[in-house]
Participant: 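Encoded as structure tokens, here's the structure I'll be asking about.
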There are 2 protein chains.
Amino acid sequence: MQDAPRQAPEVPALEVQLPPRRPLRPLDAFAGSLAQRVYASLREAILSMSFRPGDSLRKPEICAQLGVSRSPVSEAVTRLAVEHLVRIVPQTGTYVARFSLAEIREGAFLREALELAAVENVAQTITEDELTQLRHNLRLQQALLDDDDFDGFYQTDAAMHELILSFTGYRRVAALAETSWVHVNRARQLILPAPGRVQSTYAEHQAILAAIEARDPVAARAATRLHLGQLIGFLEPLALARPDLFEPD
Amino acid sequence: MQDAPRQAPEVPALEVQLPPRRPLRPLDAFAGSLAQRVYASLREAILSMSFRPGDSLRKPEICAQLGVSRSPVSEAVTRLAVEHLVRIVPQTGTYVARFSLAEIREGAFLREALELAAVENVAQTITEDELTQLRHNLRLQQALLDDDDFDGFYQTDAAMHELILSFTGYRRVAALAETSWVHVNRARQLILPAPGRVQSTYAEHQAILAAIEARDPVAARAATRLHLGQLIGFLEPLALARPDLFEPD
DNA sequence: TCTTGCATACTAACATGTTAGCTTGGGCCT
DNA sequence: AGGCCCAAGCTAACATGTTAGTATGCAAGA
């Protein structure tokens, strides 16, 4: 069940560093029903690579570690399977999903579809108050960039996208975009941003805001498409560098 | 909130006929795990209005009717709640979701976002074989129209959209579009098509296919947007005619 | 008449017991 | 030595028992 490190060529094509394994976050850090909290805790572990692609998910162990019975764990695992974050093999076991380039491409497609529609909508309907929020977010990005706080920058980047999605007024689009995007995100954190990429990202964000400020839906679409199109290109080499993390196609 | 002056006051604004209540379809009509089959059976009952908005979902009754225990029923109900097809009130009961105009609008937005992205993609990548399938579908529509087989026409209409979504090569977009669209669909079947609407639908389908044949993504987007934009307008009067089926806003 | 308090009868949520199917490993036969 | 078979030990899936929280109805009191 444990994935043995396959042959390492002398120098990998990409510097890939796996974050350390951490124990499950206790349930009291989350809200909602037990099942909901177990779901959140497991999801976090998978997305943060504490549970790694191919790992076996041992329910008794999880039950013991979280101090709950099998029912909420089962329900949580079922929900993770719907998102393709785990793979349930009937009567055999449950495994953390490996990456799949097909699934990553699909996630990128979905995210782009949703976010293009959102930004086109928002460019036509945005209020002054909402614009203020976006401007504030972008100023924050600038400040974090000046401080070389890349982690903070990433957070604020995500927040900007979330703002735009929420400005459509549709509650579920942000959530849907997030779940569509989840495989991309899980893979993304494995690669260090290329030099200068963060600055380009900031510039692209500026372009998006400018188009929204101009209430120009066509330009907003174009700027957003340009922005989102960047990431996938950086991701594909990962499949070559770490085939052990990927689904065999 | 203003009702348009389009109706004589004495007749109701809309002739709304609810389909008859039918018993749950037995599980052996479906495939997969028990939970999966229970889910499918309940979903069908809700979408076909056999279970009506506001109805209480009595688990013991369902268990008895389907001959299973509470576990698979619980899991099925949980999944229905994720889709907002039922509303679970903790420690109180589970109810078939009422319609919500907000949710219907959101579903239409999502579907449009996905289908516009799909058709734009497909117009650039479609193969001759796939084009043949679309042409065949459209000829079938024509034939069904000539026979006044509106039910068959609707099936083929849905199949055409599904074809286009599947031609992207992304497995989950069709499923996602379906679940996004589910509230629109549930409401749609309550209203009879306006006179001549079916013919217009066919013409719009022709325009979409023509744009795809021309491999013109912009025209394909425009034609699809025009087509999808029709339905929502026909749906809004329903909330006025049958407020009892709708969530109070 | 209207309110208040309590007993009752529901429900979802959770815990635990049971079943059936897959995988694995070891011994036996060839 | 190598392949095959069978049994043991996993697992998910399902059944059933338990707990706790909410609505409801009725009766008693204001």
Side-chain angles (χ1 to χ4, degrees), chain A residues 1-4 24 26-43 46 51 53-98 248, chain B residues 24 26-43 46 51 53-98 248:
Chain A
M1 225 53 70
Q2 221 53 329
D3 43 338
L24 287 171
L27 297 185
D28 49 11
F30 305 98
S33 71
L34 264 188
Q36 169 66 32
R37 284 182 277 170
V38 172
Y39 165 79
S41 182
L42 290 177
R43 191 173 198 271
I46 293 174
F51 288 2
D55 279 3
S56 171
L57 227 61
R58 270 175 281 277
K59 277 195 196 164
E61 206 169 292
I62 295 170
C63 292
Q65 202 169 334
L66 295 178
V68 298
S69 81
R70 295 171 344 225
S71 301
V73 174
S74 288
E75 186 182 325
V77 168
T78 302
R79 289 173 58 184
L80 292 170
V82 172
E83 296 184 71
H84 292 203
L85 284 175
V86 304
R87 193 166 59 97
I88 299 177
V89 183
Q91 316 303 345
T92 299
T94 301
Y95 308 93
V96 177
R98 295 180 190 275
Chain B
L24 287 171
L27 297 187
D28 48 13
F30 305 98
S33 71
L34 263 188
Q36 169 66 31
R37 285 184 277 171
V38 173
Y39 166 79
S41 183
L42 290 177
R43 190 173 199 271
I46 294 174
F51 287 2
D55 279 3
S56 171
L57 227 60
R58 269 176 283 277
K59 276 196 199 163
E61 206 170 294
I62 295 169
C63 292
Q65 203 169 334
L66 295 177
V68 298
S69 82
R70 294 170 347 223
S71 300
V73 175
S74 288
E75 185 182 325
V77 168
T78 303
R79 289 173 57 183
L80 291 170
V82 171
E83 294 184 71
H84 292 204
L85 284 176
V86 304
R87 192 166 60 98
I88 299 176
V89 183
Q91 316 303 342
T92 300
T94 301
Y95 306 94
V96 177
R98 294 179 190 277

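In this text, all values refer to a predicted model and were calculated from it rather than measured experimentally. Values below: all heavy atoms of this structure, side chains included; hydrogens, waters and symmetry mates excluded. Order of the sequence lines fixes the chain letters, A, B, ..., with proteins taken first and strands second; residue numbering starts at 1 for each chain.
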Participant: Please pick, from D:dA12, C:dG17, C:dA15, the nucleotide with the shortest atom-to-atom distance to any side-chain atom of A:Leu34.
Facilitator: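 Closest of the options to the side chain of A:Leu34: C:dA15.
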Participant: Given 3.5 Å as the limit, does a donor-acceptor pair link the side chain of A:Arg37 with the main chain of A:Gly32, or not?
Facilitator: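 Pair found, side chain donor or acceptor close to backbone of A:Gly32.
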Participant: Rounded to the nearest angstrom, tell me the gap between atom CD1 in B:Ile62 and atom C1' in C:dT11.
Facilitator: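 Atom CD1 in B:Ile62 sits about 13 Å away from atom C1' in C:dT11.
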Participant: Whole angstroms only, please: what is the OH-C1' distance between A:Tyr95 and D:dC10?
Facilitator: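 Answer to the nearest Å: 10 Å.
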Participant: Which nucleotide in the list C:dA12, C:dC14, C:dT18 gets nearest to the side chain of A:Arg70?
Facilitator: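 The answer is C:dT18, which lies nearest to the side chain.
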Participant: Taking atom types as modelled, is there a side-chain donor on B:Lys59 or B:Ser74 under 3.5 Å from an acceptor on the other?
Facilitator: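 Looking only at side-chain atoms, B:Ser74 and B:Lys59 do form a donor-acceptor pair, the distance falling under 3.5 Å.
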Participant: Choosing from D:dC14, C:dC22, C:dC14, which nucleotide comes nearest the side chain of B:Ser33?
Facilitator: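 Side chain of B:Ser33 sits closest to D:dC14.
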Participant: Given that A:Gly93 and A:Ser71 both sit by DNA chain D, which one's nearest nucleotide is further toward the 5' end?
Facilitator: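 It is A:Gly93 whose nearest nucleotide is closer to the 5' end.
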Participant: If I take atom CZ in residue A:Arg87 and atom C1' in nucleotide D:dT11, what distance separates them, rounded to the nearest angstrom?
Facilitator: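 These atoms are roughly 14 Å apart.
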Participant: Taking only the side-chain heavy atoms of B:Pro72 (C-beta and beyond), determine which of D:dA12, D:dC14, D:dT16 contains the nearest atom.
Facilitator: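 Of the candidates, D:dC14 comes closest.
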Participant: Heavy-atom nearest nucleotide on DNA chain C for A:Pro90 versus A:Gln36: which residue maps closer to 5'?
Facilitator: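 In this pair, the answer is A:Gln36.
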Participant: To the nearest Å, how far apart are A:Lys59 NZ and C:dT16 P?
Facilitator: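 Rounded to whole Å, this separation is 15 Å.
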Participant: Rounded to the nearest angstrom, tell me the gap between atom CG in B:Leu27 and atom P in D:dA13.
Facilitator: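 Rounded to whole Å, this separation is 16 Å.
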Participant: B:Arg37 has an atom CZ; how far is it from atom C1' of D:dA13, in whole Å?
Facilitator: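 That distance rounds to 12 Å.
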Participant: So, is A:Thr94 near the phosphate of D:dA12, with a side-chain N or O under 4.0 Å from OP1 or OP2?
Facilitator: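 Yes, A:Thr94 has a side-chain N/O under 4.0 Å of OP1/OP2 on D:dA12.
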Participant: For the side chain of A:Gln91, counting heavy atoms from C-beta on, which of D:dT11, C:dC14, D:dC14 is nearest?
Facilitator: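 Nucleotide nearest to A:Gln91's side chain: D:dT11.
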Participant: Where the side chain of A:Ser69 is concerned, which of D:dT16, C:dA12, C:dA15 is the nearest nucleotide?
Facilitator: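 Among D:dT16, C:dA12, C:dA15, the one nearest the side chain of A:Ser69 is C:dA15.
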Participant: With rounding to the nearest 0.5 Å, note down the distance linking CG in B:Leu80 to CZ in B:Arg87.
Facilitator: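 Going from CG on B:Leu80 over to CZ on B:Arg87, the span is 14.5 Å.
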Participant: Measuring to OP1 and OP2 of D:dT22, would you say a side-chain N or O of B:Thr92 lies under 4.0 angstrom away?
Facilitator: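 No, B:Thr92 has no side-chain N/O under 4.0 Å of OP1/OP2 on D:dT22.
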Participant: How long is the gap from CG on B:Leu42 to CG on B:Leu66, to the nearest 0.5 Å?
Facilitator: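 Taking CG in B:Leu42 and CG in B:Leu66, the distance rounds to 6.5 Å.
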Participant: Counting C-beta onward and ignoring hydrogens, is there a side-chain heavy-atom pair between B:Leu85 and B:Val96 closer than 4.5 Å?
Facilitator: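 The answer is no, as the side chains (C-beta and beyond) never meet within the 4.5 Å cut-off.
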Participant: Please give, in whole Å, the distance from C:dC14 P to A:Leu66 CG?
Facilitator: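 Between P of C:dC14 and CG of A:Leu66: 13 Å.
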